[in-house]
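Okay, structure first, notes after.
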Amino acid sequence: QQPPDLLTVMATSIVDDTPVSGTLLLLLLLCILLITTLCLANASHIPGPFFWAGLGPILSYSRFIWSGIGTACNYYNKRYGSMVRVWINGEETLILSKSSAVYHVLKSAHYIARFASKQGLQCIGMDGRGIIFNSDIPLWKKVRTYFAKALTGPGLQRTVGICVSATDRHLERLQEMTDPTGHVDVLNLLRCIVVDISNKLFLRVPLNEACNFHHRYTSTMTDEMRKRNPENHIVGFLIYLFELQDVMESLIETKRRIISESETLDDDLDFTSELIFAQNHGELSADDVRQCVLEMVIAAPDTLSISLFFMLMLLKQNPEMEIRIVEEISTLIGEKDVMTVDFQNFRVLESFINESMRFHPVVDFTMRKALEDDVIDGTKISKGTNIILNIGLMHKTEFFPKPNEFSLENFDKTVPSRFFQPFGCGPRSCVGKHIAMMMMKAVLVTLLSRYSVCPRHGNTLSSIRQTNNLSQQPVEDEQSLAMRFIPRQMTTT
């Protein structure tokens, strides 16, 4: 028997492999069809990364996790434009950086809810509690009235005196915070000052209780940040936050004891007392009270402390501004008691604060969820859409004459509110914006009238390491935060 020739072997092989090859080809075509269908189903006229059969959302979410929310938002807006569609945790999300769109969302009552991971908020005790991330609208409206009462009226009127005395008190103890090289951890100092102020305004526990709290707060915060990988510092903060809940509960119990032992109550009840009475009447839960006090005494003051840190850094990078501010302080105060000075007259200082918040804000974005169908700049927005307002980028792309420079010329003229939103506007704007501005002015006037503050040689705002996840903040290491305090000749009474 002769072996088959080559042609017979090839023909037989093709016939035998045809069913297998046909099946593989059919599967390949089905996969291509499925991918195309998915891509078309998720196609959008809004610019943004491709869906790529589900790979796009994974890559999009990974960028937010890896680089931080603020940094990722800047990347997508600069690459795709002022309105971008991305995915966060599998949910479509729009990033807006155009002033008309941002202003529309901020002013509208359709966007008073915020979006965030429910599991994450539950983990840190913020789900449906407090005021910052609370999307339980009826409860949010209720607790906001307590915040508004505490942050306006008599509370606002007492602010200057409390700020000046607290800042002076900590500056008198500056030597205790100075290291052998003559430097001070200035962020630690600012936190002590601002938390002290917040205690006097909103909590009013005895000084020894407050001091113990200040020490645990500032030292634990710094230690946690330094122990962990700086790029993952949020993990250390969350671990620390669990301890903070217990500390805050202890302080509130101290406050309850003070109230129960008091024969009479002050005419102007402080924030914590108002909340405790609301709990006693069944209007709020104990968890609501703890979270509200924590946000008032810790979360907001920490943002303020970091803002002041950035301002001191910017001041030393712009010495001509420091000269103008110090001259304004000397002119307006002179031999007067600082308590009699109208802080509205500090025009140069106010422009400096505004320009600092524009150029390098602590919080440069805010998150919203659409409660109704809407149209933004001609684009239909469906109910439930997640939205990130990239306010920091908006501040550097519209209206200002020198948007990419730190210059007081940017506030030589009145800036329409639609172009400058450091505290937001509309129904969910920062309820403490007026008292925050007053606190920053009072602390800076008191500090700068006594000292010139100098960072370590070579340290600038652009050279120190920073993160931009939920907020922009410095990586807390000894080199970045250290500054020398050089006494001035001028003093205030």
Side-chain angles (χ1 to χ4, degrees), residues 159-172 174 182-184 186-187 189-190 193-194 197 304-361 400-403 405-415 420 422 433-457 459-462 483-493:
T159 299
V160 172
I162 291 174
C163 288
V164 171
S165 61
T167 306
D168 272 333
R169 182 164 54 253
H170 287 279
L171 290 177
E172 291 297 331
L174 196 61
H183 291 84
V184 175
V186 71
L187 185 52
L189 171 64
L190 291 170
I193 292 172
V194 178
I197 294 168
L304 193 66
S305 302
I306 298 172
S307 295
L308 289 168
F309 170 79
F310 287 155
M311 289 175 194
L312 292 178
M313 293 290 290
L314 287 166
L315 198 64
K316 297 314 296 185
Q317 293 173 219
N318 299 272
E320 73 286 351
M321 293 186 191
E322 182 175 12
I323 292 172
R324 290 180 61 187
I325 291 172
V326 172
E327 287 178 348
E328 182 178 62
I329 293 172
S330 179
T331 300
L332 292 177
I333 296 181
E335 299 300 322
K336 300 177 185 175
D337 185 338
V338 69
M339 298 297 299
T340 65
V341 176
D342 185 357
F343 274 69
Q344 297 297 323
N345 294 329
F346 284 95
R347 301 299 184 188
V348 177
L349 180 61
E350 184 167 321
S351 293
F352 169 76
I353 291 173
N354 283 333
E355 177 64 356
S356 298
M357 292 190 294
R358 182 200 72 84
F359 186 77
H360 199 86
F400 296 98
K402 296 182 177 180
E405 296 180 30
F406 185 79
S407 172
L408 296 191
E409 291 181 28
N410 287 318
F411 286 89
D412 278 348
K413 298 179 180 179
T414 301
V415 180
F420 183 55
K433 55 189 175 183
H434 298 300
I435 200 169
M437 181 64 78
M438 188 69 71
M439 289 171 70
M440 288 187 285
K441 285 183 179 180
V443 171
L444 287 173
V445 165
T446 308
L447 192 156
L448 294 175
S449 65
R450 296 183 59 175
Y451 292 97
S452 176
V453 182
C454 300
R456 282 189 187 273
H457 180 69
N459 276 1
T460 64
L461 204 54
S462 58
M483 296 187 185
R484 293 178 61 231
F485 281 66
I486 302 173
R488 295 187 194 275
Q489 296 301 314
M490 61 177 290
T491 59
T492 60
T493 57

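Since we're looking at a predicted model, the values are computed, not measured.
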Atom pair CZ/CZ of F352 and F406 - distance to nearest 0.5 Å: 4.5 Å

Interatomic spacing from OG in S165 to NE2 in H170 - rounded to 0.5 Å: 9.5 Å

N410/V415 under side-chain contact (heavy atoms from CB on, under 4.5 Å): CA gap, chis, key distance, verdict: CA-CA 8 Å; N410 287 318; V415 180; over 6 Å; no

Stepwise side-chain contact (heavy atoms from CB on, under 4.5 Å) test for L308 and L447: CA-CA 11 Å; L308 289 168; L447 192 156; over 6 Å; no

Side-chain donor or acceptor of T167 paired with backbone N/O of V164 under 3.5 Å: no

4.5 Å side-chain heavy-atom contact, T446 and V338: no

Minimum side-chain heavy-atom gap K433-P422 below 4.5 Å: no

Exercise: identify the closest heavy-atom pair between M438 and V160: SD-CG2, 3.6 Å

Any M437 side-chain heavy atom under 4.5 Å of N354 side chain: yes

Approximate separation, where rounding is to 0.5 Å, of L312 CG and Y451 OH: 14.0 Å

Heavy-atom pair with the smallest gap, counting every atom of S356 and L314: OG-CD1, 3.8 Å

Euclidean distance, R450 CZ relative to D168 CG, rounded to 0.5 Å: 5.0 Å

Pairwise side-chain contact, M311 with H360, heavy-atom cut-off 4.5 Å (strictly under): no

F309/M483 under side-chain contact (heavy atoms from CB on, under 4.5 Å): CA gap, chis, key distance, verdict: CA-CA 10 Å; F309 170 79; M483 296 187 185; 3.8 Å; yes

Non-hydrogen side-chain atoms of V445 and F343 separated by less than 4.5 Å: yes

Student check: side-chain heavy atoms of M313 and P455 closer than 4.5 Å: yes

Derivation and outcome, side-chain contact (heavy atoms from CB on, under 4.5 Å), residues L444 and L315: CA-CA 11 Å; L444 287 173; L315 198 64; over 6 Å; no

E328 side chain reached by E350 side chain, heavy atoms, under 4.5 Å: no

Neighbour count >12 (heavy atoms, 6.0 Å) for atom CZ, R484: no

Over all atoms of both residues, closest heavy-atom pair of E322 and S452: OE2-OG, 3.2 Å

Pair K402 + E355: basic N to acidic O under 4.0 Å: no

Nearest heavy-atom neighbours spanning I193 and A166: O-CB, 4.3 Å

Exam field: side chain K441 to backbone F346, donor-acceptor pair closer than 3.5 Å: no

Residue pair R488 / S449, side-chain heavy-atom distance below 4.5 Å: no

Parallel, tilted or perpendicular: rings of F411 and F400 (30°, 60°): tilted

Minimal non-hydrogen separation, K316 against V453, with atom names: CD-O, 2.6 Å

Spatial distance of atom CE (M321) from atom CG (L408) [nearest 0.5 Å]: 4.0 Å

Test item: S330 side-chain N/O and V326 main-chain N/O as donor-acceptor pair under 3.5 Å: no

Heavy-atom pair with the smallest gap, counting every atom of I325 and L448: CG2-CD1, 4.1 Å

N/O donor-acceptor pair under 3.5 Å between Q317 side chain and L461 backbone: yes

Inter-residue atom distance I197.CD1 - R169.CZ, 0.5 Å rounding: 9.0 Å

